[in-house]
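Each ligand, and each atom within it, is numbered from 1 in the order the structure gives.
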Amino acid sequence: MLLTRGAGSRSSLLRAALGLGPRPGPGPGTGRAASGAPGQGWLQPAGYDTGVKVYNSLTRRKDPLIVSNVDAVSWYSCGPTVYDHAHLGHACSYVRFDIIRRILSRVFGCNIIMVMGVTDVDDKIIKRANEMNVSPASLANLYEEDFKQDMAALKVLPPTVYLRVTDNIPQIIAFIEGIVARGHAYSTAKGNVYFDLQSGGDKYGRLVGVAPGPVGEPVDSDKRHPSDFALWKAAKPQEPAWASPWGSGRPGWHIECSTICSLVFGSRLDIHSGGIDLAFPHHENEIAQCEAFHQCQQWGNYFLHAGHLHVKGKEKMSKSLKNYITIKDFLRAASPDVFRLFCLRSSYRSAVDYGDGTLLEARRLLHAVAAFAEDARAYMRGQLAGGPVQEDVLWESLGRTKGAVQEALADDFNTPGAVDAVMGLVHHGNRQLKAASEEPGGPRSPAVFGAVVSYVEQFFETVGVSLVDQQGPSAGPRQSQGTDLCESASTSSGDSSLCCCEEAHLPRVRRRFLSPSSGAPGACCGLRFL
Ligand SMILES: Nc1ncnc2c1ncn2[C@@H]1O[C@H](COP(=O)(O)OP(=O)(O)OP(=O)(O)O)[C@@H](O)[C@H]1O
Ligand SMILES: [Zn+2]
């Protein structure tokens, strides 16, 4: 990989870090603008062009996703801080990246090596453990297992390897020593080690264009400069601590990820992911640390950030705001496939509002697709009497859909676009089935329906959604506290006594051929949710 960087002004970094004159421009966090503008100096890596254009937070534009080696794509995912049950906000982030991982593997042929760090020592863990009167290690252990179970229940593929912070303390210490030796960090008399932000010239701030400001610094801080950040924290009484060249202490948050990622992937990383809240300062600091340690110009090539799951339009779902629903509670009320389809229906980058309406819509779509697959199979088996269908129209629609899906997925994993295209195909298929059911007799076209169903199922399987057991209300709502997924509320007629099927032709087809004794053709399927 050949990398160079555009020149920037050291004095502007200093101004920015000192809080003098923020540069306009978006970016999370409360820091000050830095001179290293996003995208400035980013060099396109050499390697294999996946054919995907991906929104890269480093450049704030869609870049061609070029990986060093398609057979070993390196991807580091920031893992959870394990101190409580995971909630739907966490689920949203990990499911969205799981979908992207599946797309890259199954559609674009990448063999992905995913590493996830688990933060099992941290202020929040220590605080919660003290409240619960248990050791931080046992609390972290419990919630790490809990997190893994939740991810499995959501059908999120496990990373290739999880690495725990507390299993890698010597490695973290060695990494810090490396940064100190290269002149980018310093230790203090109190036993802390800080990253020296000024040592890197204009490099800091490339990701979101901000440098941390002095806001909130304790007056007795032993940093040389207010915006320097901790690599190693001197031990406090009653806290977990490890011996180090600087005395007893524990690692800072950012250094954990830099070390763990470098342990597996060395000085080059294709993809780095996390929620948008991690961009600053966490990822910005990871970049600074890794580039200082590896003495390289560009450590991570693509930074992908997922938008937040919001509640009531603007609030991030989070533990601190107490506005969360745990993954376990959600899954008592609904299926992981519904949640996944909910995730698929928005861009992974956008904020998405959690609400019954959007979940119901996802559920309704899932049922509609599953019902279509069931009806098409009935037609293929000859259980639908079958009039002539416009086979060429359906073949044409299938071909167009395949192209549209491929194009959407290659465009920054545009899953809402891909789902729309597939739903368009399902709609066409349903129309033809309806024609077949209403005009019995004539030639039959089972092959085209087989091809359509097979493609639709393959698409959903690719993104991790199962159509099995989704057919109609028997897969039914599992209701619990506040997450009312009863379909009756989503019927377009607004009549809560109606069946779940908005599109009359679907139940009509099923009823006519699968339960012929239960009523005249064209009647409602009669299934009720209440
Ligand atoms: N509401 C949310 N929407 C989307 N992603 C989220 C949300 N909350 C957390 N995440 C993401 O989940 C991952 C794990 O986060 P982490 O364990 O640090 O939790 P957190 O952000 O501290 O959560 P909380 O604020 O509830 O304590 C991160 O990538 C984070 O960005
Ligand atoms: Zn991280």
Side-chain angles (χ1 to χ4, degrees), residues 28-29 57 75-100 114-125 127-128 140 143-144 146-148 150-151 154 156 159 162-165 168 172 175 207 229 251-265 269 271-290 299-300 303-327 330 339 342-343 346-355:
S57 295
W75 180 338
Y76 182 79
S77 164
C78 289
T81 304
V82 281
Y83 69 103
D84 206 342
H85 295 294
H87 56 66
L88 285 185
H90 304 125
C92 188
S93 204
Y94 292 113
V95 168
R96 281 170 153 184
F97 284 122
D98 183 65
I99 290 167
I100 291 177
M114 180 180 274
V115 172
M116 185 180 287
V118 176
T119 302
D120 63 344
V121 58
D122 167 269
D123 290 343
K124 290 182 202 171
I125 296 173
K127 184 166 174 280
R128 186 97 202 282
Y143 285 113
E144 181 186 323
D146 193 74
F147 172 81
K148 289 175 180 169
D150 284 347
M151 291 300 115
L154 288 166
V156 172
Y162 282 108
L163 273 86
R164 249 178 243 125
V165 171
N168 290 284
I172 292 172
F175 202 89
L207 190 55
F229 57 89
W253 175 30
H254 319 300
I255 197 72
E256 303 165 355
C257 287
S258 289
T259 307
I260 286 172
C261 183
S262 300
L263 276 176
V264 181
F265 296 127
L269 178 68
I271 300 171
H272 195 308
S273 65
I276 186 66
D277 54 311
L278 299 188
F280 178 86
H282 185 53
H283 291 166
E284 201 77 82
N285 290 353
E286 277 187 50
I287 293 171
Q289 293 164 155
C290 282
W299 158 64
F303 277 76
L304 275 56
H305 290 115
H308 282 152
L309 183 72
H310 284 184
V311 182
K312 292 178 201 145
K314 53 185 187 313
E315 281 178 356
K316 175 195 173 197
M317 182 177 281
S318 84
K319 278 169 212 148
S320 52
L321 294 173
K322 298 198 181 353
N323 61 0
Y324 63 90
I325 296 172
T326 65
I327 293 171
F330 177 84
F339 188 74
F342 164 80
C343 292
S346 60
S347 155
Y348 74 95
R349 287 197 285 128
S350 64
V352 58
D353 209 28
Y354 176 80

Practice item. Going by the side chain to side chain donor-acceptor pair (under 3.5 Å) test, name the single residue among Y94, W75, Y348 that passes it with S273. Key: W75

Practice item. Could you pull out the closest heavy-atom pair between G275 and H305, with the gap in Å? Key: O-CD2, 3.6 Å

Point to revise | Distance flag, aromatic centroids of H310 and Y354, threshold under 6.0 Å | key: no

Check your understanding: Which residue owns the protein heavy atom closest to atom 12 (O) of ligand 1, what's the atom, and how far is it?
Key -> H90 CD2, 3.3 Å

Review point. Nearest protein heavy atom to atom 21 (O) of ligand 1, by residue and atom, and its distance?
Key: K316 NZ, 3.2 Å

**Study point:** Which residue and heavy atom of the protein sit nearest atom 25 (O) of ligand 1, plus the separation
**Key:** S318 CB, 3.2 Å

Check your understanding: Do the ring centers of F342 and F330 come within less than 6.0 Å of each other?
Key -> no

Practice item. Report yes if some heavy atom in the side chain of I260 is under 4.5 Å from a heavy atom in the side chain of Y76; otherwise report no. Key: yes

Revision key, fill the gap. Y83 heavy atoms within 4.0 Å reach ligand 1 at atoms 27 (O)

Exercise for review: Please report the closest heavy-atom contact between H87 and S318, naming both atoms and the distance.
Suggested key: NE2-CA, 3.7 Å

**Study point:** Closest H282 atom to the Zn ion (ligand 2) [N, O or S only]
**Key:** NE2

Exercise for review: Measure across Y143 and R128 and return the closest heavy-atom pair with its distance rounded to 0.1 Å.
Suggested key: OH-NH1, 3.7 Å

Check your understanding: Can you tell me the protein heavy atom closest to atom 3 (N) of ligand 1 and the distance?
Key -> L309 N, 2.8 Å

Review point. From the Zn ion (ligand 2) out to just under 2.8 Å, does an N/O/S atom of H254 turn up?
Key: no

Check your understanding: Looking only at heavy atoms, which two atoms of G307 and I276 are closest? And how far apart?
Key -> CA-CG2, 4.4 Å

Check your understanding: Hey, which atoms in ligand 1 end up nearer than 4.0 Å to a heavy atom of P80?
Key -> 17 (O)

Check your understanding: F303: what forms a ring pair (Phe, Tyr, Trp, His ring centres under 6.0 Å) with it, not counting sequence neighbours?
Key -> H272, H283

Exercise for review: Please could you name the atoms of ligand 1 that G89 approaches to less than 4.0 Å, counting only its heavy atoms?
Suggested key: 1 (N), 2 (C), 3 (N), 4 (C), 5 (N), 6 (C), 7 (C)

Practice item. Can you pull out the closest protein heavy atom to atom 17 (O) of ligand 1? Residue, atom name and distance to 0.1 Å, please. Key: T81 N, 3.0 Å

**Study point:** Atoms in ligand 1 with a heavy atom of Y94 nearer than 4.0 Å
**Key:** 13 (C), 14 (C)

Check your understanding: Within less than 2.8 Å of the Zn ion (ligand 2), any N, O or S from C257?
Key -> yes

Revision key, fill the gap. Within 4.0 Å of some non-hydrogen atom of M317, the atoms of ligand 1 are 1 (N), 2 (C), 8 (N)

Revision key, fill the gap. From the list S258, C257, S262, side chain to side chain contact (heavy atoms under 4.5 Å, CB included) partner of Q289 resolves to S258

Practice item. Identify, by atom number and element, the atoms of ligand 1 in contact range of D277, meaning under 4.0 Å from any of its heavy atoms. Key: 21 (O), 30 (C), 31 (O)

Review point. Can you tell me how far the CZ atom of F280 sits from the CG atom of L207, to the nearest 0.5 Å?
Key: 10.0 Å

Review point. Going by the order shown, which atoms of ligand 1 are within less than 4.0 Å of some heavy atom of G307?
Key: 4 (C)

Study note, to complete from the structure: Closest to atom 28 (C) of ligand 1 among protein heavy atoms sits L278 CD1, 3.7 Å

Check your understanding: Any idea which protein heavy atom is nearest atom 29 (O) of ligand 1, and the distance to it?
Key -> G275 N, 3.0 Å

**Study point:** Residue portion contacting ligand 1 (non-hydrogen atoms closer than 4.0 Å) for H310
**Key:** neither

Exercise for review: Find all atoms of ligand 1 within a distance of less than 4.0 Å from any non-hydrogen atom belonging to K124, and give their numbers and elements.
Suggested key: 22 (O), 27 (O)

Check your understanding: If you take all heavy atoms of A91 and L154, which pair is closest and at what distance?
Key -> CB-CD1, 3.5 Å

Check your understanding: Starting from atom 26 (O) of ligand 1, which protein heavy atom do you reach first, and at what distance in Å?
Key -> K319 N, 2.6 Å

